[in-house]
Amino acid sequence: EELEGSALPGSSHRHARRRRYRGSLELADNCNVFFWENGRVVQVVRACDGKVLREIDTGQNFRRCFHRLANVKKKLFVCLNDCIKVWDYDSYKKPIELPPARTPHSLVRVGRPLELLVHRQRLILVESNCCLLWHTETLEFICCIQHDDTGAAFGSPVERPSPHADDVTGSQSHRLRETLEVQWMGDLLMTWGRGSLKSLNVWTLDGEAKAFLKTDSALVQVDVARVTWQSVYTLDHFILCALDSRSVVTFWDSKENFAAIFRFYCGCEEPFDLVLTQDFMVVINDNVSANRLDLCFWKLWLHPDFEAPNQSAESLDMTRSEARHQREASVRLRQRPAGAHFSPQGGLPFPAATGLMAGLDLASAAAAQLSGDTLQRFLHKELRPNCRPIKTLSIPDIDTYFASYRNFLNMCSFHKSGQESLSVYRSSSLQKKAFFPPAKHTKFEEWLALQVHNDGTVVVHDFRPQQMAFDELLGSRCEKGSQAETGTPKQTEQMPQPRQRSFPGCGLRRARRA
């Protein structure tokens with residue numbers, strides 16, 4: 001049986017395997033070329049016309065399919081079965097093998113590789129139980145980062161283990177090997193475990209422990225937004241956001257030494273996903289009974305244009321004081337999140353002090369007798385000083401994943417036919433800007449979109465002005481500047497429409513949320 005991820009036409013390397021190999025795709029950092037690997041051969045393909053510029057035989061048949069390609073400048077990193085090698089894809093020099101990783105003795109089992117990527121002069125191999133980092137220029141190994149759910153590496157007091165601590169620790173360790181996630185924050189990175197752990201670890205790119213963050217329940221999703229609404233030149237201010245299994249959303253501020261700044265109950269019955277952007281936050285609920293996903297878009301107090309217009313100064317000061325009091329109360333020790341007593345169960349079982357919480361317990365018992373719609377109205381009214389819902393949306397196809405990229409929100413849906421479609425919304429207005437019809441594979445960047453159809457045809461949607469590579473923009477601007485100085489008359493240029501160029505090929509990889 002022929003490889004599903006076989007090389008693009010023009011390749012002389014075709015192999016037969018007993019099982020299908022999906023292959024993986026990597027777009028160059030200048031979006032001028034992309035790289036496609038089919039289980040052994042890596043092809044360098046020009047994006048504008050689909051011409052295969054070069055084929056690299058790695059000399060190995062890959063045993064496991066994952067995203068094993070990473071690119072920076074002219075360097076192409078490939079994760080092989082037993083090592084990582086780097087090629088100069090623009091020349092025919094021999095590849096260089098990276099030094100082996102040094103893992104701590106506490107890491108007993110070898111992790112399963114999940115993804116290879118580049119971030120801030122760091123080559124990162126994300127495995128199921130750790131992250132391995134190399135320097136992209138010197139190629140030296142830097143460190144191994146292993147998630148710590150106890151906080152011992154961060155100097156936090158370790159909680160007293162329960163009688164079944166060994167069983168719990170073992171089960172968590174097993175789940176962590178399957179669910180380790182990574183988020184990037186400028187010169188920092190964050191590790192956490194989906195559906196199994198209750199902590200987030202913040203690290204530097206040199207492996208130094210930065211912050212240890214805890215939640216009351218197991219994590220469902222974590223997202224990060226850069227704070228640029230105060231100044232576009234701010235590059236090191238981030239807001240962390242986490243959704244746990246009890247539908248509680250928690251916020252941390254990197255400028256406040258990652259202190260918790262707000263917690264609230266968002267009203268989801270089955271929390272599924274979370275996306276935080278510079279304009280809104282969306283919480284996704286898995287509506288199992290109706291076989292759909294329900295999206296609720298929230299405007300937060302930290303977002304621009306949150307406060308109502310034409311509000312008097314006295315009323316505005318009162319609203320801000322109430323909002324600040326609500327945020328401070330929600331993050332105090334042994335206090336419930338804002339809106340917790342409006343849950344359908346009549347209050348969430350959070351740790352509570354006797355006496356002080358008696359009033360809330362009575363309110364929770366009364367809330368348990370109300371209908372779901374009534375609870376939602378009371379919940380939204382209580383949360384109004386800090387967050388308000390602005391839009392709701394339902395998606396019938398439950399096999400959907402979400403991602404925020406720059407000023408866009410991407411929704412990718414997987415259909416019963418095995419195809420996937422992609423909808424792109426502008427973050428500021430929540431208006432649909434582009435729709436890519438169902439195809440076998442879809443990969444979308446800010447300037448390029450690639451789709452693979454069932455017949456093997458690859459369609460490239462090119463949104464770049466004159467299909468210009470990013471590293472050619474500076475030279476183009478310099479030429480225009482010199483023409484202006486010499487008095488050369490300018491020609492009026494119109495922004496070209498998105499161009500579609502198709503060429504035959506085979507499947508691209510599904511884009512990971514990270």
Side-chain angles (χ1 to χ4, degrees), residues 1-8 11-27 34-45 52 54-71 75-87 89 94-104 107-118 123-134 136 139 141 144-147 173-182 193-194 418 440-441 443 452 456 505-514:
E1 182 177 323
E2 189 177 274
L3 280 172
E4 179 182 352
S6 58
L8 298 174
S11 170
S12 59
H13 302 279
R14 291 181 179 271
H15 305 274
R17 294 268 185 94
R18 293 182 180 179
R19 63 182 179 86
R20 293 179 180 270
Y21 187 89
R22 188 177 179 86
S24 64
L25 170 85
E26 173 68 13
L27 194 63
F34 65 87
F35 312 96
W36 168 251
E37 63 91 5
N38 70 336
R40 178 186 178 99
V41 177
V42 179
Q43 293 177 299
V44 183
V45 185
V52 179
R54 183 186 176 187
E55 293 184 352
I56 300 174
D57 189 351
T58 62
Q60 293 185 4
N61 294 327
F62 302 143
R63 296 190 294 264
R64 181 180 286 112
C65 180
F66 67 96
H67 184 58
R68 59 176 72 245
L69 304 179
N71 161 251
K75 296 178 181 178
L76 175 63
F77 297 92
V78 183
C79 182
L80 306 181
N81 295 326
D82 53 355
C83 66
I84 298 178
K85 291 186 177 182
V86 54
W87 276 266
Y89 71 84
K94 291 185 178 181
I96 301 175
E97 181 177 337
L98 270 64
R102 300 184 300 273
T103 57
L107 200 63
V108 180
R109 296 187 178 182
V110 178
R112 175 172 52 90
L114 301 177
E115 187 172 14
L116 186 70
L117 49 91
V118 170
L123 176 71
I124 303 104
L125 176 61
V126 181
E127 294 190 344
S128 55
N129 56 358
C130 68
C131 295
L132 306 174
L133 284 75
W134 289 264
T136 57
L139 305 182
F141 178 75
C144 171
I145 295 178
Q146 185 179 8
H147 184 84
S173 176
H174 173 73
R175 290 195 297 268
L176 179 60
R177 289 196 296 270
E178 303 296 330
T179 60
L180 181 65
E181 299 281 346
V182 178
R194 185 192 305 270
K440 188 176 182 181
H441 298 288
K443 181 177 178 63
V452 183
C506 287
L508 312 182
R509 74 177 180 94
R510 166 184 171 180
R512 287 175 53 85
R513 188 185 189 283

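We use all heavy atoms of the structure for the numbers below, so side chains are in, but hydrogens, waters and symmetry mates are not.
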TODO: Identify, with sequence neighbours excluded, every residue that meets side chain to side chain contact (heavy atoms under 4.5 Å, CB included) alongside Leu80.
DONE: Thr58, Gln60, Phe62, Val78, Asp82, Cys83, Lys85
Task: Under 3.5 Å donor-acceptor, Trp134 side chain and Leu125 backbone - done: no
Open item on the list: Does Val182 form a side chain to side chain contact (heavy atoms under 4.5 Å, CB included) with Leu114? I'd like the steps, not just the answer.
Closed with: CA-CA 11 Å; Val182 178; Leu114 301 177; over 6 Å; no
Task: Nearest-0.5 Å distance, CG of residue Leu117 to NE2 of residue His67 - done: 7.0 Å
Task: Atom pair CD/CD of Gln146 and Glu127 - distance to nearest 0.5 Å - done: 11.0 Å
Task: Inter-residue atom distance Arg68.CZ - Glu115.CD, 0.5 Å rounding - done: 12.5 Å
Open item on the list: Quick check: do Ile56 and Leu76 have side-chain heavy atoms less than 4.5 Å from each other?
Closed with: yes
Open item on the list: Contact between Leu180 and Asn129 at the side-chain level, heavy atoms closer than 4.5 Å - yes or no?
Closed with: no
TODO: Rounded to the nearest 0.5 Å, what's the gap from CG on Leu139 to CG on Leu123? Could you check?
DONE: 8.5 Å
Open item on the list: I need the Arg102 CZ to Phe141 CZ distance, nearest 0.5 Å.
Closed with: 5.5 Å
Open item on the list: Between Asn38 and Val42 (side chain of the first, backbone of the second, donor and acceptor by atom type, cut-off under 3.5 Å), is there such a pair?
Closed with: no
Task: Student check: side-chain heavy atoms of Asn81 and Asn61 closer than 4.5 Å - done: no
TODO: State the CG-SG distance between Leu133 and Cys131, to the nearest 0.5 angstrom.
DONE: 7.0 Å
Task: Nearest atoms (heavy-atom pairs only) where Asp57 meets Arg40 - done: OD1-NE, 2.9 Å
Task: Heavy-atom side-chain proximity of Phe77 to Leu98 below 4.5 angstrom - done: yes
Task: Trace of the side chain to side chain contact (heavy atoms under 4.5 Å, CB included) decision for Val118 with Asn71 - done: CA-CA 7 Å; Val118 170; Asn71 161 251; over 6 Å; no
